[in-house]
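Notes for the one structure printed next.
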Number of protein chains: 2
Amino acid sequence: MLRGFGLTSGSLPGRQASLTDVAVLAGVSHMTVSRVVNKTGPVSAATRAKVLAAVEKLSYRPNSAARALVTGKSGILGVVTLDSTLYGPASTLYGIEHAAREAGYSVTITSVGTPNSSAIAEAIETLRRLAVEGIVVIAPHAAASKSLEGAPLDIPLVAVGGGQEAPVPMIAVDQADGARRATEHLLALGHKTVWHVAGPVDWLEAQDRETAWRQTLKRHRVRAPRIIRGDWSSRSGYAAGQALAREKDLTAVFVANDQMALGLLRAFTEAGIAVPKDVHVVGFDDIPEAAYFSPPLTTVRQDFIEVGRRTFRQLAEQIDGREPAARDLVPAELIVRESTGPR
Amino acid sequence: MLRGFGLTSGSLPGRQASLTDVAVLAGVSHMTVSRVVNKTGPVSAATRAKVLAAVEKLSYRPNSAARALVTGKSGILGVVTLDSTLYGPASTLYGIEHAAREAGYSVTITSVGTPNSSAIAEAIETLRRLAVEGIVVIAPHAAASKSLEGAPLDIPLVAVGGGQEAPVPMIAVDQADGARRATEHLLALGHKTVWHVAGPVDWLEAQDRETAWRQTLKRHRVRAPRIIRGDWSSRSGYAAGQALAREKDLTAVFVANDQMALGLLRAFTEAGIAVPKDVHVVGFDDIPEAAYFSPPLTTVRQDFIEVGRRTFRQLAEQIDGREPAARDLVPAELIVRESTGPR
DNA sequence: CCCAGGGTTGTTACCGCGAACACTGGCCTC
DNA sequence: GAGGCCAGTGTTCGCGGTAACAACCCTGGG
């Protein structure tokens, strides 16, 4: 059995069958075949049957290049993404791909190693050359966001996670909301203050989380300790943990992502600091592993699938010529686990 | 500044400039423009300059659909992948994308939720409709592999991680090699036997690791304990850990991936079993976080970037009509950390 | 009985590009 | 001085599809 691969007994003339080939076999004009294939225009039942038989026999497949040429629509969306396996970007990508495929679009990706202006511009240019109908830039990066300021206006474009003042329509999880929830959760547990291990300065999400943390502390009239900065990696979280272990008034830490929190926990364990007994820790992202850290991590969940879905919708609206909302924030959710449990 | 976006002062006639538009502006024929743009055929320096000026002025961008139509080459590769954020598949995808982009190809992805025959067949069909020049199937799954048996033979196709008897050319990390190294490492530490937490039965990589583990034990004349099976998730590893905690002769466990190992470590911690003091644990994958587990995890590193690179090379050879090797295995590497450290 | 009109089918004209081939001049060779 | 070669350029054609319109058949109403 050739399970649905369409490699039936049809002759193999060395190249794909075209509309005309089908038309000749079915004894009709190529336009009639086109009408059957695309279900446009009226075709009698008898003719349709003949055509479909011929289509099957030749395992005809429409040529998307020809169709794109004449219609001006490629049916392709482009996604610019980081070439990392960071949980957020990867999840978002699948969210977009899923929504796009359901709507009949294909998704082409172009990854960038470091999201600086020229790399992003180049990636966008590459995608445009492919005649994509719209572009998503997943690059929650200051430089990336900045590079979009001069972005082409003649093609639908959406940014994902692009900070407060993105120059193009943007979808993101509400970072400030999540960071506020995390910080207030810790304050509500009675801590005098909350330390923060931040992400890289040039990441907008890191900035947003840091700002919200600082504002929350201020609103509660609490002095903010000095900040420790990591690069999202567990390694940097480990280093941060070693640094924090030397602080004496340390009782609560809000870490900007779960991977760093893992490194932090490891460093604390080595330093003899018990979590949650001595220190409470909150992460960000809720990666699938977070529930199995030692101890299980309280963290802020981001619904990346929903982000992907809304991103596609936003793009589709632009493509269809409707004026979309400029910003769309997906709320965050606090997931409480043992790392902020009873002491 | 419009940093390289090519949105210069040129007129905006409502649609993209074509070769002919450029030709008219430059006062030459469209073929001359084509020759300049593609660097084919001889063009005098003066003419080239005129043409390039016109290209710049109109911000001309070649229409890939038209080019694909006339050349029969789309410059697109298709990748069928799981819509999960599993470390392996995601890393491999970026490896492929990177190699492909360097060679001037674009990569279009189609994700499948569950890799059964019909889903894979459908994904391949979707990609073929897009006129991709070659297809990569990342689906280290028994069903997926099986579905490739009836795969179309008229388009270059490569499988990634497709078990021993893949019906199409295949690239993978040498699972047996990795599992053997892991098991022998534990045996060399003096353990009487080695337990195994396996991946899902329908994953070929899980089968390969399990088989190699079993064979290694047999070669050392050691009786294999009953197997525990998970689904790659930390959650399932946690459950496995709870089950294993009840075994009395437990001293060494080889877990089929790092996420499950994390869950296992968590369960052991809760059960009062110390790693590495009471039990040694080895994982598989070397995800970036593994070095920061508690304790840091001994594991088997898989070079997914290399897999991606070789996958693209394999595909490129098929596209160019060279006959590629049918199988290509990337060696695995054992990374020793504290989870198999001094007791 | 003729004509209007709708359902059905065919014809023609491109879409933007590259392959193949034709054409123009020098310049070199014998 | 005629022929050949080659760098440089142009013309023509068609890739496989869709849009627009033309042409045909059949039916029903006047």
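Since the structure is predicted, the reported quantities are computational estimates derived from the model, not experimental observations. Throughout, a chain's letter reflects where its sequence line sits, starting with A, and its residues are numbered from 1.
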Please work out if [X] contacts a base, only the sugar-phosphate, or nothing of the nucleic acid, heavy-atom cut-off 4.0 Å.
X	value
B:V43	sugar-phosphate
B:T47	sugar-phosphate
A:L69	base

What nucleotide, of D:dT9, C:dA19, C:dC15, holds the atom closest to the side chain of B:M31?
-> C:dA19
Options C:dT9, D:dG17, C:dG18, nucleotide nearest the side-chain atoms of A:Y60 |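 Of the candidates, D:dG17 comes closest.
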Charged N-O contact under 4.0 Å between A:E125 and A:R128 |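 No, this pair does not count.
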Just checking, is any N or O donor in the side chain of A:S111 or A:T81 under 3.5 Å from an acceptor N or O on the other one?
->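 There is no such pair (donor and acceptor under 3.5 Å, judged by atom type) between the side chains of A:S111 and A:T81.
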Would you check if there is a donor-acceptor pair between the side chains of B:N116 and B:S118 at a distance under 3.5 Å?
->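 A pair is found: one side chain offers a donor N or O, the other an acceptor, under 3.5 Å apart.
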Take the protein atom [atom1] of [X] and the nucleotide atom [atom2] of [N], then report the distance between them rounded to whole Å.
X	N	atom1	atom2	result
A:D21	D:dC15	CG	P	10 Å
B:N63	C:dC14	CG	C1'	14 Å
A:N38	D:dG17	CG	C1'	9 Å
B:R129	D:dG16	CZ	C1'	15 Å
B:L130	D:dG16	CG	C1'	16 Å
B:L19	C:dC14	CG	C1'	16 Å

Would you find a donor on one side and an acceptor on the other, under 3.5 Å apart, between the side chain of B:T126 and the backbone of B:E122?
-> yes
When you measure from the side chain of B:Q318 to the backbone N and O of B:G134, does any donor-acceptor pair fall under 3.5 Å?
-> no
Within less than 4.0 Å of OP1 or OP2 of [N], is there a side-chain N or O belonging to [X]?
X	N	result
A:T32	C:dG10	yes
B:S44	D:dT9	yes
A:S34	D:dT18	yes

Is there a donor on the side chain of [X] or the base of [N] sitting less than 3.5 Å from an acceptor on the other?
X	N	value
A:R61	D:dG16	no
A:H30	D:dT18	yes
A:R35	C:dG10	yes

Please tell me which of B:R48 and B:A66 maps to the more 5' nucleotide of DNA chain D, matching each residue to the nucleotide holding its nearest heavy atom.
->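 Final value for this comparison: B:R48.
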